[in-house]
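Structure first, commentary second.
For this chain, numbers begin at 1 and follow the sequence in order. Just follow the structure's listing: the first ligand is 1, and inside any ligand the first atom is 1. Everything quoted here is computed from the prediction, not taken from an experiment.
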Amino acid sequence: MVEQGLIEEWKRTKTIGIIGMGDMGQLYARKFAQNGWKVVCCDREENYLKLQNNCLDERYTVLKNGHFVSRISDYVIYSVEAKLIDKIVGEYSASTKIGAIVGGQTSCKSPEIKAFEKHLPPDVDIVSVHSLHGPKVNTEGQPLVLIKHRCQREESFEFVETVMSSLKSKHVYLTHEEHDKITADTQAVTHAAFLSMGVAWYKKQLYPWTIGVNRWYGGFENVKVNISLRIFSNKWHVYAGLAITNPAAHQQIMQYAKSATELFELFVQNRKDELTRRLSAARKFVFGKQERPLLLDDSILEKYSLSQHEPQEGEKTLPNSHLSLLAIVDSWHQLQINPYDHIICSTPLFRIFLGVTEYLFMTPDLLATTIDAAINGDAFRADDLEFVIAARSWSTIVSFESYDLYKRQFEEVQEFFKPMLPEANVIGNEMIKTILRHCDENST
Ligand SMILES: NC(=O)C1=CN([C@@H]2O[C@H](COP(=O)(O)OP(=O)(O)OC[C@H]3O[C@@H](n4cnc5c(N)ncnc54)[C@H](OP(=O)(O)O)[C@@H]3O)[C@@H](O)[C@H]2O)C=CC1
Ligand SMILES: O=C(O)C(=O)Cc1ccc(O)cc1
């Protein structure tokens with residue numbers, strides 16, 4: 001516990017620097033400055049005047065580039081695109097103040113730490129961070145990973161923790177290797193699922209909330225649509241970076257595509273017994289020891305729909321095969337991952353994904369209805385086929401490490417959903433708030 005007097009002294013005498021004033025950099029700069037820290041920051045030099053103009057009302061100071069930030073900062077945070085971390089650290093590292101601390105916000109830590117070790121002078125300590133949520137989520141109570149990588153001065157870590165306490169997040173202490181393994185299990189594969197849904201709808205040129213109560217109607221379907229659109233309203237590089245730069249993520253995304261393919265094969269070959277056996281084994285492995293109440297239920301999600309359609313008397317929603325949800329539980333089983341092990345270090349989207357799969361697998365009769373729909377119903381067959389192709393296509397793009405294809409595919413779909421993104425974000429924010437409140441109440 002750092003004494004209040006020392007904290008006040010640090011606030012008077014130390015400077016926090018942020019390189020990269022995109023969504024996350026701005027969030028951090030604002031929070032730290034509001035908490036009484038002296039904050040300086042920069043974006044790319046070409047953006048200097050524009051950024052300075054946009055930040056006239058802020059309590060932090062915009063500087064010209066990373067050299068100006070580095071030379072006066074006691075703690076520098078690189079909040080830049082993952083793919084560029086080596087290049088950008090290489091550019092500014094020699095300007096780092098003697099005895100300073102440096103860290104980064106990128107979503108995959110091994111390349112970031114490698115860049116720091118390669119470029120930073122040896123007197124500089126390395127403490128990295130990762131907020132496990134997007135820039136529009138309230139930081140309070142969300143997991144924040146802290147990585148104490150190279151601390152020659154004990155005070156360095158205490159200093160970073162004190163600065164970070166401005167966010168009121170829940171601190172989680174990991175090595176960079178542990179961090180990357182966990183986020184591959186949680187984030188990368190969650191994104192693969194929702195990105196694949198988006199591509200499948202796009203390929204069918206279909207806005208799922210516009211087709212009445214027949215398909216994609218109800219609480220579960222609201223989650224799929226809202227989360228998928230939420231991801232497509234963000235920047236492509238965030239998802240590309242955390243999947244492509246993390247080798248453990250490649251294996252997860254490949255397995256997810258493989259599970260989707262194999263389950264779909266069982267659907268179309270009418271192999272109901274085999275499908276039931278495989279999913280029951282997965283259920284036992286993932287949810288078998290789960291005694292806690294369900295994280296979510298369909299009824300609390302009912303109201304978060306983008307649909308304008310009022311259900312009419314006699315209209316019926318066809319049961320969905322929920323291939324995207326079956327495939328994730330099968331993947332966890334195949335890879336022997338217990339998703340609950342990672343809950344302390346999870347993003348809101350992961351907790352929601354786990355919540356809906358838990359609901360599907362643990363509500364009596366729901367899994368049986370779903371298996372029945374998968375084998376005997378054909379309402380979702382064509383959509384499931386598109387979903388499988390999409391999941392495989394993302395896994396190929398990630399394993400070939402093609403940022404260019406990733407960007408093109410992501411932005412094509414983003415363009416398709418563009419008219420709906422603002423509304424989807426508003427509804428999605430409300431939905432996420434309700435879900436997180438509900439999850440917290442049930443897990444305490
Ligand atoms: N968005 C999210 O939900 C989260 C993102 N992260 C991670 O945080 C990092 C930042 O993400 P986010 O803020 O969303 O991304 P942004 O693209 O919004 O921000 C990155 C910023 O860095 C700028 N930049 C590029 N080169 C330089 C340079 N040489 N000097 C200074 N600034 C530069 C970019 O400018 P330009 O765009 O003009 O190139 C951009 O403004 C990423 O690594 C991401 O993976 C972590 C948690 C959550
Ligand atoms: O919650 C999610 O998965 C998001 O989509 C937001 C996000 C993106 C990147 C991160 O490194 C952390 C959080």
From CA spacing to verdict: side chain to side chain contact (heavy atoms under 4.5 Å, CB included), V145, L132: CA-CA 7 Å; V145 177; L132 290 176; 3.8 Å; yes
Enclosure of F400 CZ (heavy-atom neighbours >12, cutoff 6.0 Å): no
Protein heavy atom at shortest distance from atom 29 (N) of ligand 1: Y92 OH, 3.2 Å
Nearest-0.5 Å distance, OG1 of residue T357 to CG of residue L354: 5.0 Å
H149, R150, Q152 screened by side chain to side chain donor-acceptor pair (under 3.5 Å) with D125, the one that passes: Q152
Identity of the nearest option to atom 45 (O) of ligand 1, non-hydrogen atoms only, from G104, S107, G22, S79: S107
Stepwise salt bridge (Lys or Arg N to Asp or Glu O under 4.0 Å) test for K181 and E178: CA-CA 5 Å; K181 175 71 182 73; E178 287 164 345; over 6 Å; no
Nearest-neighbour protein heavy atom for atom 33 (C) of ligand 1, which is reported as residue plus atom name and distance: R44 CG, 3.5 Å
Contact check, L242 vs ligand 2, heavy-atom distance below 4.0 Å: yes
Distance-only N or O hit between ligand 1 and D43, under 3.5 Å: yes
Nearest-contact summary for atom 18 (O) of ligand 1 - protein heavy atom, Å: K235 NZ, 2.5 Å
Close approach, F350 and ligand 2, non-hydrogen under 4.0 angstrom: no
Which of the ligand 2 atoms, numbered from 1, are nearer than 4.0 Å to a heavy atom of H133: 12 (C), 13 (C)
E154 bridged to K148 by N-O distance under 4.0 Å: yes
Atoms in ligand 1 flagged as close to T106, the criterion being non-hydrogen separation under 4.0 Å: 43 (O)
Residue and atom name of the nearest protein heavy atom (relative to atom 22 (O) of ligand 1), distance in Å to one decimal: G20 CA, 3.5 Å
Salt-bridge contact E112-K109 (side-chain N to carboxylate O under 4.0 Å): yes
Between S196 and Y256, a side-chain donor and acceptor under 3.5 Å: no
Identity and separation of the nearest protein heavy atom to atom 6 (C) of ligand 2: G134 N, 3.7 Å
V80, any N or O under 3.5 Å of ligand 1 N or O: yes
H133 touching ligand 1 at heavy-atom level, < 4.0 angstrom: yes
Centroid-centroid distance, W10 to F159, less than 6.0 Å: yes
Proximal atoms of ligand 2 relative to Y239 (non-hydrogen, under 4.0 Å): 4 (C), 5 (O)
Structural part of E46 in contact with ligand 1, heavy atom criterion under 4.0 angstrom: neither
is_close_aromatic(F353, F194), centroid dist under 6.0 Å: yes
Within reach of ligand 1, part of H130 (heavy-atom separation under 4.0 Å): side chain
Closest approach of D384 to S321 (non-hydrogen atoms, all atoms of both residues): OD2-OG, 2.6 Å
Closest protein heavy atom (residue, atom, distance) for atom 47 (C) of ligand 1: S131 O, 3.4 Å
Nearest-neighbour protein heavy atom for atom 2 (C) of ligand 1, which is reported as residue plus atom name and distance: P135 CD, 3.7 Å
Geometric N/O contact M24 with ligand 1, under 3.5 angstrom: yes
Polar contact flag for E91 and ligand 1 (N/O pairs, less than 3.5 Å): no
Audit row: Y92, I88, side chain to side chain contact (heavy atoms under 4.5 Å, CB included) steps and yes/no: CA-CA 7 Å; Y92 305 126; I88 298 176; 3.6 Å; yes
V238 neighbourhood, listing ligand 2 atoms whose heavy-atom distance to it stays under 4.0 Å: 8 (C), 9 (C)
Ligand 1 versus N47: contacting region, heavy-atom distance under 4.0 Å: side chain
Numbering as shown, the atoms of ligand 1 that approach N234 to under 4.0 Å (heavy-atom distance): 1 (N), 3 (O)
Distance-only side-chain donor-acceptor flag, Y202 / Q409, under 3.5 Å: no
Side chain, backbone, both or neither: I85 near ligand 1, heavy atoms under 4.0 Å: neither
E155/R153 salt bridge by N-O under 4.0 Å criterion: no
Within-4.5 Å side-chain heavy-atom neighbours: N35 and K11: yes
Proximity of H130 to ligand 2 by residue part, where a heavy atom lies under 4.0 Å: side chain
Residues K114, D86: salt bridge by 4.0 Å N-O rule: no
Identity and separation of the nearest protein heavy atom to atom 7 (C) of ligand 1: Q105 O, 3.3 Å
Lys/Arg-Asp/Glu bridge criterion (N-O < 4.0 Å) met for K235, E81: no
Under 3.5 Å: N/O of S131 near N/O of ligand 2: no
Parallel, tilted or perpendicular, as decided by the 30° and 60° cut-offs, for the rings of F350 and W332: perpendicular
L84 near ligand 1 by a heavy-atom separation under 4.0 Å: no
Test item: side-chain donor near acceptor, Q255 and S259, under 3.5 Å: yes
Polar atom proximity, H237 to ligand 1 (N or O, under 3.5 Å): yes
Proximity flag I231 to ligand 2, non-hydrogen atoms under 4.0 Å: no
Within-shell test, A82 vs ligand 1, heavy atom, strictly < 4.0 Å: yes
Proximity flag H191 to ligand 2, non-hydrogen atoms under 4.0 Å: yes
Shortest protein contact, atom 14 (O) of ligand 1 (heavy atom only): V238 CG2, 3.8 Å
Ligand-residue contact atoms, ligand 1 with I19, heavy atoms, under 4.0 Å: 30 (N), 31 (C)
Distance-minimising heavy-atom pair for T183 and N246: OG1-ND2, 3.8 Å
Those atoms of ligand 1 less than 4.0 Å from some heavy atom in G134: 3 (O)
Atom 10 (C) of ligand 2 - nearest protein heavy atom and its distance: Q187 NE2, 3.0 Å
